[in-house]
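Comments concern the structure below.
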Amino acid sequence: MERKLKYIINSDFDGKTVKEFLRYNQISTSMVTRLKKLDNGIMLNGERVFVTAKLSEGDILELLTESGEEHSEFIFPTEGKLDIIYEDEDFLAVNKPPYLPVHPSKGHPYDSLANIVVYYYKQKNENFTFRCVNRLDKDTSGVTLIAKNAYAHELMRRLNVENKTDKTYYAIVHGKPEKENGLIDLPIYRPEEATIKRIVDERGKQAKTLYETVKTNNKLSLIKIKLLTGRTHQIRVHFSHIGHPLAGDFLYGDENDGVIARQALHCGELSFIHPINEKQLILTAELPEDMKNIEI
């Protein structure tokens, strides 16, 4: 789908070049290269220009960050239900149900979130390139953010790297943590390239998980979690390591525990400052029924 960014040049950039303006606005080198290749990628007062062009106060600079011709050609459009939380020109946020993979794979070529999103935009007669910002595991439910153009995706990647996004998860774990509230600060390491499983190990990368116990019956506890870092399987690894694996977790606990048929993990909130319009976004998703129905 087509996406244009429009800027009115102020006095700060009077006499500066387009290249200097793009650098100031954190337009990446790869994005500039993409813009240069498009016939109307960089337009100044309605005319195509090079990045060496000089700007004047009051000029109108337009950048075509998505041409409308690009699309995920290898993702088959599949009809399906989308629980849309939020949508604007740059982002689509959905409440992903459990058991739905985000991307197609050998075992799920046509039944992923990507397939459904591509179909959604095909019905609007819009080409769409699927770019997921916060990929959740297949069995994890909750807020999933998708960038609708390359520029938005790059800006969100930077926010994630700089820890400028806040993620809140809810998990149901076995037992009752010794401390109702606490910080788990333990490094996470991948011991073998051939496995997806992670462990707590001093050779790993720093990982911090802030948690509070919402309710408990001593056998099971509902935990609210803030991720201060974003390591693969961080919540599952940390709680398993302290003796409270997630209910239904086949990899770090016991999937046949009789509590739930998947790991009981849900992304309940994602908040950040919109990197383009600079407004705060708070995206929320209620607990799914299978977690609500567990008696605690």
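Here the straight-line distance linking atom OH of Tyr189 with atom NZ of Lys205 works out to 11.5 Å at 0.5 Å rounding. Between the CD1 atom in Ile242 and the CD atom in Glu178 there is a gap of 9.5 Å [rounded to 0.5 Å]. How far CD1 of Ile172 is from CG of Asp249: 13.0 Å, rounded to the nearest 0.5 Å. The structure places OG1 of Thr144 at 4.0 Å from CG of Leu136, a figure rounded to the nearest 0.5 Å. How far CG of Leu281 is from OG1 of Thr284: 11.5 Å, rounded to the nearest 0.5 Å. A distance of 6.0 Å separates CE in Met156 from OG1 in Thr165, rounded to the nearest 0.5 Å.
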### Query
Does the pair Arg157 and Val161 meet the rule for a side-chain contact (heavy atoms from CB on, under 4.5 Å), with working shown?
CA-CA 6 Å; Arg157 185 193 68 78; Val161 169; 3.9 Å; yes
If you apply the rule side-chain contact (heavy atoms from CB on, under 4.5 Å), what do you find for Leu63 with Tyr151, and how did you get there? CA-CA 10 Å; Leu63 308 177; Tyr151 182 53; over 6 Å; no
Next on the checklist: Show, in sequence, the C-alpha distance, side-chain angles and deciding distance for Ile223 and Tyr170, and conclude whether the side-chain contact (heavy atoms from CB on, under 4.5 Å) test is met.
Outcome noted: CA-CA 6 Å; Ile223 307 293; Tyr170 291 89; over 6 Å; no
- Run the side-chain contact (heavy atoms from CB on, under 4.5 Å) check on Ile294 and Ile260 step by step: do they pass? CA-CA 8 Å; Ile294 296 173; Ile260 190 172; 4.0 Å; yes
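Taking the six-membered ring for Trp and the full ring otherwise, Tyr119 and Phe76 have centroids separated by 6.0 Å or more. Aromatic rings from His274 and Phe91 are positioned such that their centres are separated by under 6.0 Å. Proximity of the aromatic rings of Phe239 and His174 is defined here by a centroid distance below 6.0 angstrom, and this criterion is not met.
Residues Thr213 and Pro177 meet the side-chain proximity criterion, which asks for heavy atoms closer than 4.5 Å. Put simply, the side chain of Ser221 does not reach to within 4.5 Å of the side chain of His244, judged on heavy atoms. Put simply, the side chain of Pro245 does not reach to within 4.5 Å of the side chain of Asp254, judged on heavy atoms. In this structure, the side chains of Leu251 and Arg236 come closer than 4.5 Å at one or more pairs of heavy atoms. Residues Val237 and Ile235 have side chains not in contact (no heavy-atom distance under 4.5 Å, counting atoms from C-beta outward). You'll find the side chain of Tyr24 stays beyond 4.5 Å of the side chain of Asp12, heavy atoms only. You'll find the side chain of Arg203 stays beyond 4.5 Å of the side chain of Pro187, heavy atoms only. Within the 4.5 Å cutoff, no side-chain heavy atoms of Thr17 are placed close to those of Leu55.
Listed here is the closest heavy atom pair of Tyr7 and Leu5: OH-CD1, 3.6 Å. The shortest heavy-atom contact between Ala53 and Val49 is CB-CB, 3.8 Å. For the residue pair Leu246 and Ala264, the shortest heavy atom distance occurs at CD2-O, 3.9 Å. What you find for His266 and Ala285 is that their closest heavy atoms are NE2-O, 2.9 Å. Taking both residues in full, the closest heavy atoms of His238 and Ala207 are given as CE1-O, 3.3 Å, listed atom of the first, atom of the second, then distance. Between Ala150 and Arg131, the shortest heavy-atom distance links the atoms N-NH1, 3.4 Å.
Qualifying side-chain hydrogen bond (donor to acceptor under 3.5 Å, both in side chains) partners for Asp111, counting only residues two or more places apart in sequence or in other chains: His108. Lys164 meets the side-chain hydrogen bond (donor to acceptor under 3.5 Å, both in side chains) test with Glu162; sequence neighbours excluded. With sequence neighbours left out, Thr229 forms a side-chain hydrogen bond (donor to acceptor under 3.5 Å, both in side chains) with Gln234. Taking the side-chain hydrogen bond (donor to acceptor under 3.5 Å, both in side chains) definition, one finds that Arg158 meets it with Glu154, sequence neighbours left out.
Tyr169 and Ile188 end up in the same hydrophobic cluster when Ile, Leu, Val, Met, Phe, Trp and Tyr side chains are linked at under 4.5 Å. Leu61 and Met43 fall into different hydrophobic clusters, where Ile, Leu, Val, Met, Phe, Trp and Tyr residues are linked whenever their side-chain heavy atoms come under 4.5 Å apart, directly or through other members. Linking ILVMFWY residues whenever their side-chain heavy atoms come closer than 4.5 Å, directly or via other members, leaves Leu159 and Ile27 in distinct clusters. Grouping the Ile, Leu, Val, Met, Phe, Trp and Tyr side chains by contacts below 4.5 angstrom, directly or via other members, places Val18 with Met31. By the rule that hydrophobic residues join a cluster once side-chain heavy atoms approach within less than 4.5 Å of another member, Phe130 and Leu145 end up as members of separate clusters.
A donor-acceptor contact closer than 3.5 angstrom is absent between the side chains of Glu192 and Thr195. Checked by atom type, the side-chain pair His103/Ser112 shows no donor-acceptor distance below 3.5 Å. For Asp14 and Ser11, the side-chain atoms include no donor-acceptor pair closer than 3.5 Å.
Put simply, the side chain of Ser28 never gets that close to the backbone of Val32: no donor and acceptor are under 3.5 Å apart. Here the side chain of Arg231 pairs a donor or acceptor atom with the backbone of Gln206 at under 3.5 angstrom. Looking at Arg198, its side chain does come within 3.5 Å of a backbone N or O of Ile196 through a donor-acceptor pair.
Within 6.0 Å of atom OH in Tyr99, more than 12 heavy atoms from other residues, nucleotides or ligands are found, so the atom counts as buried in its surroundings.
None of Asp166, Thr209, Thr168 except one satisfies the side chain to side chain donor-acceptor pair (under 3.5 Å) rule with Lys226; the exception is Thr168. Evaluated for a side-chain contact (heavy atoms from CB on, under 4.5 Å) with His233, the options Ile199, Leu265, Asp137 yield exactly one hit, Asp137.
For residues 45-54, every residue pair satisfying the side-chain hydrogen bond (donor to acceptor under 3.5 Å, both in side chains) rule, not counting sequence neighbours, is listed here: Asn45-Asp59. The salt bridge (Lys or Arg N to Asp or Glu O under 4.0 Å) analysis of residues 81-108, with sequence neighbours excluded, yields the pairs Arg3-Glu89, Arg3-Asp90, Glu87-Lys148.
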